[in-house]
Structure formats: C-alpha cells, structure tokens
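Here the structure comes first, spelled out in structure tokens, and everything after it is commentary.
Sequential numbering from 1 along the given sequence is applied to the chain's residues.
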Amino acid sequence: MNGKLIVFEGVEGCGKTTQMQLCDEWLQSLSIPVITTREPGGTELGLHLRSLLLENTKDKAISATTELLLYAADRSQHVEQELLPNLKSGKIILCDRYIDSTIAYQGYGRNLDMNLIHQLNSIATSGLKSDLTLWLDLDVEQGMARKQKSGDKADRIEQEKIDFHRRVQKGYKEQAALSPERNIKIEAGLNKEDVQQQIQQILNSKLQEWGIGN
C-alpha cells in the first residue's frame with residue numbers, strides 16, 4: 001500500500017475534528033492527495049450505525065456489549081469500503097477516530113474485556129493499523145466545557161458522567177505510552193493555530209520520512 005493512514009484521537013472537546021479539517025486544507029495546498037473520513041459514519045452503512053450509537057433514545061439504553069459490536073461492524077465496513085481502497089490508490093487518509101477509541105471508550109470507559117476488544121479490532125480491521133496516530137491531549141473538564149460552550153446538543157456518549165470520560169482519558173494516555181513512536185501526543189489546550197502548528201511540524205517530518213511531497 002502506498003497511502004498512509006493518519007488518525008486523530010482524543011476525548012470529547014479536544015478539537016480533533018477541527019484540527020483534521022485544517023490539516024486537510026494544508027495537505028491539499030501542498031498538492032498531496034488526501035481524503036478525510038470518520039468513525040463511526042465513514043460509509044453509508046456507517047451513517048445509520050452512527051445514528052444508532054450516538055443519538056439519544058427514549059427506549060432502554062444500548063448495552064455496553066451491543067455498543068462494542070456496533071462499532072466493530074462500522075469499522076469493518078469502513079476498512080473494506082473506504083480505507084483499504086484509498087490506501088492502495090496512494091492517498092493520505094485523515095481519519096477521525098479508529099481502534100484507539102474503542103480501547104479507550106469501550107475498554108477503559110465501559111470496562112469491557114480488553115481481550116475481546118483486541119480480537120474484534122483485529123477482525124474488523126483485517127490487521128490494518130494507523131501509520132500515525134495524533135492524540136490530542138486535553139483535560140477532560142476543559143473538553144466538556146468546550147462542548148457546552150459550543151451550544152451543540154450533547155450526544156449519548158458526551159452525556160456520560162465525568163468519571164467515564166476520565167477513564168477514557170486514562171485509556172488514551174496508557175496507549176500513547178505503549179507505542180510512542182506511532183502514537184504522538186499533541187498539546188490540545190492551546191489555541192487552534194498553535195495546535196495546528198504542532199501537527200504540521202510532526203507531519204512535515206513524517207512526510208519526509210515517507211518520501212511524500214518531495
């Protein structure tokens with residue numbers, strides 16, 4: 001595969017979606033073939049699954065295991081339909097969330113069996129890992145304050161108690177410590193321009209290493 005998969009990760013309100021969009025514009029300005037996508041919701045099927053996963057419902061809550069399986073189904077379709085074909089065609093893919101989210105949210109946040117999560121991730125991805133994961137590190141309280149200030153209606157995950165989000169943050173921190181060469185920490189508490197500068201510095205180095213854009 002000639003393309004590269006770059007994933008943006010972090011807790012609610014960390015700014016990953018905004019930073020991914022800015023990064024997309026920057027790469028396009030360099031005439032580098034790039035696409036953006038997300039999980040859940042990167043395919044037509046994924047949009048339906050995203051609605052089930054994130055919209056609040058008056059019915060009984062989705063069980064933690066059901067939630068995990070729905071995310072795995074979204075990822076499997078996403079990998080086969082979008083990620084693998086675009087990587088094979090040589091594109092840079094910027095992806096809003098990937099397997100680290102499942103480990104952080106369903107593993108640490110929901111306290112589900114980590115062996116099961118790793119097994120499902122392996123099946124859903126066909127072994128595809130990111131070439132680079134940018135972890136936008138932000139205090140949970142600051143992230144939630146950002147979300148409230150935005151005025152957007154909180155989704156089902158965002159409405160979880162603060163302890164849940166703290167466990168998610170712990171999950172991200174521990175994953176970054178396990179693979180610091182692939183999972184790079186970004187200080188996300190700064191203004192968006194400074195955060196983007198950090199990201200571009202890292203990507204400039206990676207692009208040179210990969211022989212892209214020279």
Side-chain angles (χ1 to χ4, degrees), residues 6-24 36-42 46-57 61-75 78 94-112 114 117 121 130 132-178 183-196 198-199:
I6 300 170
V7 176
F8 289 70
E9 291 281 6
V11 296
E12 310 302 326
C14 70
K16 59 183 173 48
T17 305
T18 297
Q19 292 302 323
M20 190 177 82
Q21 292 169 347
L22 291 172
C23 189
D24 175 47
T36 62
T37 188
R38 66 178 179 177
E39 290 191 356
L47 287 173
H48 295 291
L49 293 171
R50 183 180 181 87
S51 177
L52 291 172
L53 284 161
L54 299 183
E55 287 186 7
N56 296 299
T57 176
I62 299 174
S63 75
T65 302
T66 300
E67 180 182 86
L68 172 64
L69 293 171
L70 287 173
Y71 277 114
D74 169 82
R75 180 161 299 134
H78 191 218
L94 307 180
C95 187
D96 188 337
R97 300 199 181 282
Y98 194 50
I99 60 176
D100 288 358
S101 280
T102 306
I103 294 169
Y105 280 81
Q106 282 68 55
Y108 285 80
R110 300 291 190 210
N111 294 311
L112 292 177
M114 203 64 75
I117 289 172
N121 274 338
S130 70
L132 175 66
T133 296
L134 298 169
W135 168 42
L136 277 68
D137 182 24
L138 184 71
D139 289 338
V140 169
E141 289 80 1
Q142 187 177 353
M144 298 308 291
R146 282 183 180 180
K147 294 298 291 186
Q148 291 174 1
K149 187 177 180 180
S150 72
D152 295 335
K153 183 179 178 181
D155 64 33
R156 190 177 65 86
I157 302 296
E158 291 166 353
Q159 289 183 0
E160 289 289 343
K161 294 179 180 179
I162 195 69
D163 285 347
F164 169 85
H165 295 287
R166 287 176 180 146
R167 292 195 300 273
V168 170
Q169 176 71 338
K170 180 182 178 183
Y172 278 123
K173 183 177 181 180
E174 294 189 0
Q175 288 180 86
L178 288 172
N183 198 323
I184 298 179
K185 175 181 173 181
I186 303 294
E187 295 291 348
L190 307 175
N191 63 57
K192 67 179 183 181
E193 291 80 14
D194 288 340
V195 175
Q196 181 63 197
Q198 291 178 70
I199 291 172

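To the nearest 0.5 Å, atom CZ of residue Phe8 and atom CD1 of residue Ile199 are 5.0 Å apart. To the nearest 0.5 Å, atom CG of residue Leu54 and atom CD of residue Glu67 are 9.0 Å apart. Taking CG of Asn121 as the reference point, atom OH of Tyr71 lies at 12.5 Å (rounded to 0.5 Å).
With sequence neighbours left out, the side-chain hydrogen bond (donor to acceptor under 3.5 Å, both in side chains) criterion links Tyr105 to Glu12, Arg97. Residues satisfying the side-chain contact (heavy atoms from CB on, under 4.5 Å) criterion with Asp96, sequence neighbours excluded, are Lys16, Thr17, Met20, Arg38. Listed by chain and number, the residues in a side-chain contact (heavy atoms from CB on, under 4.5 Å) with Asn111 are Arg167 (sequence neighbours excluded). The side-chain hydrogen bond (donor to acceptor under 3.5 Å, both in side chains) test applied to Glu158 returns Lys147, not counting sequence neighbours. Taking the side-chain contact (heavy atoms from CB on, under 4.5 Å) definition, one finds that Leu70 meets it with Leu49, Leu53, Thr66, sequence neighbours left out. Every salt bridge (Lys or Arg N to Asp or Glu O under 4.0 Å) that Glu160 has, sequence neighbours left out, goes to Arg110. Leu178 is linked by a side-chain contact (heavy atoms from CB on, under 4.5 Å) to nothing, counting only residues two or more places apart in sequence or in another chain. In this structure, the side-chain hydrogen bond (donor to acceptor under 3.5 Å, both in side chains) partners of Thr102, at least two apart in sequence or on a different chain, are Arg75. For Thr37, the side-chain hydrogen bond (donor to acceptor under 3.5 Å, both in side chains) test picks out His78, with sequence neighbours left out. Partners of Arg166 by salt bridge (Lys or Arg N to Asp or Glu O under 4.0 Å), not counting sequence neighbours, listed by chain and number: Glu141, Asp163.
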Determine whether Glu9 and Tyr172 satisfy the following criterion, side-chain hydrogen bond (donor to acceptor under 3.5 Å, both in side chains), listing intermediate values before the conclusion. CA-CA 8 Å; Glu9 291 281 6; Tyr172 278 123; 2.7 Å; yes
Could you check Gln169 against Asp137 for side-chain hydrogen bond (donor to acceptor under 3.5 Å, both in side chains), going step by step and ending with a plain yes or no? CA-CA 8 Å; Gln169 176 71 338; Asp137 182 24; 2.7 Å; yes
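Side-chain atoms of Asn191 come within 3.5 Å of backbone N or O of Asp194 as a donor-acceptor pair. A donor-acceptor pair is defined here as one N or O able to donate and one able to accept, closer than 3.5 Å; such a pair exists between the side chain of Gln175 and the backbone of Gly171.
Neither side chain, Glu187 nor Gln198, offers a donor N or O lying under 3.5 Å from an acceptor on the other.
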